[in-house]
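Computed over heavy atoms, backbone and side chain alike; hydrogens, waters and symmetry mates excluded. Counting starts at 1 for both ligands and their atoms, following the listed order.
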Amino acid sequence: MVKIGVLGLQGAVSEHVQAIESCGEEAIVIKKKEQLDEVDGLILPGGESTTMRRLLDQYDFMDKLRDFGKQEKPMFGTCAGLILLAKNIKGYDQPHIGLMDVTVERNSFGRQKESFEADLAISGVTDHFNAVFIRAPHILEAGEDVEVLAKCDGRIVAARDRHILGCSFHPELTDDHRFTQYFINMVKSTIKENSK
Ligand code: GLN
């Protein structure tokens, strides 16, 4: 069993815990930076990125989170979590954690589409994934090494930059845990690589 942390400062934390457990793995809610040493991979949930950033600073998480990513431990940002991981945020001078080579735009599906569901093809996962979007960002630009995994209305909504995975939607809000499983598989291959 692998141990997957879910950053537990704000947002859709318990839903991710349930998704990880449904995949048969152990989930640990991360409330203190020291707990990051206990986990093999980390999910940054959806919620509100500016609130989460404030809490990350308050609890002194930023350096430790950047180290986690630099050690090539897998990280998965969903919705606000994707915004936290992006190297560039449209309209902002500075990124937050800034580890994933993408430019994101916040709340980019427009007011009339505050929340919606879409049937997505996700490369390497399935041709049909019912994705729930809530005031979602999208990826405007992806760097050379970034693999685009899914698009919605021509916009990039899921991508992978080596050991970092990000998506605009909330894969934890339905009973379909195949995208969570994709991340768990990334964590398992990293462990395998490192034990060689
Ligand atoms: N709109 C939020 C933000 O910009 C993200 C929404 C979400 O995570 N569901 O942080």
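- Using a cutoff of 4.0 Å between basic side-chain nitrogens and carboxylate oxygens, Asp176 and Arg178 are scored as salt-bridged.
- Of the protein's non-hydrogen atoms, Arg106 NE, 2.7 Å is the one closest to atom 4 (O) of ligand 1.
- Under a 4.0 Å criterion applied to the non-hydrogen atoms of Gly46, ligand 1 contributes the atoms 8 (O).
- Taking a cutoff of 4.0 Å between a charged side-chain nitrogen and a carboxylate oxygen, Asp60 and Lys33 qualify as a salt bridge.
- Atom 2 (C) of ligand 1 has as its closest protein heavy atom Gly47 O, 3.6 Å.
- Ligand 1 lies less than 4.0 angstrom from a heavy atom belonging to His170.
- Within a 6.0 Å sphere centred on CD of Gln94, heavy atoms belonging to other residues, nucleotides or ligands number 12 at most.
- Closest to atom 1 (N) of ligand 1, if we only count protein heavy atoms, is Asn107 OD1, 2.6 Å.
- Remark: ligand 1 atoms within the under-4.0 Å shell around heavy atoms of Ile83 are 3 (C), 4 (O), 10 (O).
- For the pair Glu25 and Lys188, the salt-bridge criterion is met [side-chain N within less than 4.0 Å of a carboxylate O].
- Between Ile134 and ligand 1, at least one pair of N/O atoms sits closer than 3.5 Å.
- Comment: Lys64 engages Asp37 in a salt bridge, judged by a side-chain N to carboxylate O separation of less than 4.0 angstrom.
- Salt-bridge check for Glu141 with Lys87: failed, with every basic side-chain N at 4.0 Å or more from each acidic carboxylate O.
- Taking the six-membered ring for Trp and thresholds of 30 and 60 degrees, Phe76 and Phe183 have ring planes inclined between 30 and 60 degrees apart.
- Using a 4.0 Å cut-off to heavy atoms of Cys79, the atoms of ligand 1 that qualify are 5 (C), 6 (C), 7 (C), 8 (O), 9 (N).
- Under a 4.0 Å criterion applied to the non-hydrogen atoms of Ser49, ligand 1 contributes the atoms 3 (C), 4 (O), 10 (O).
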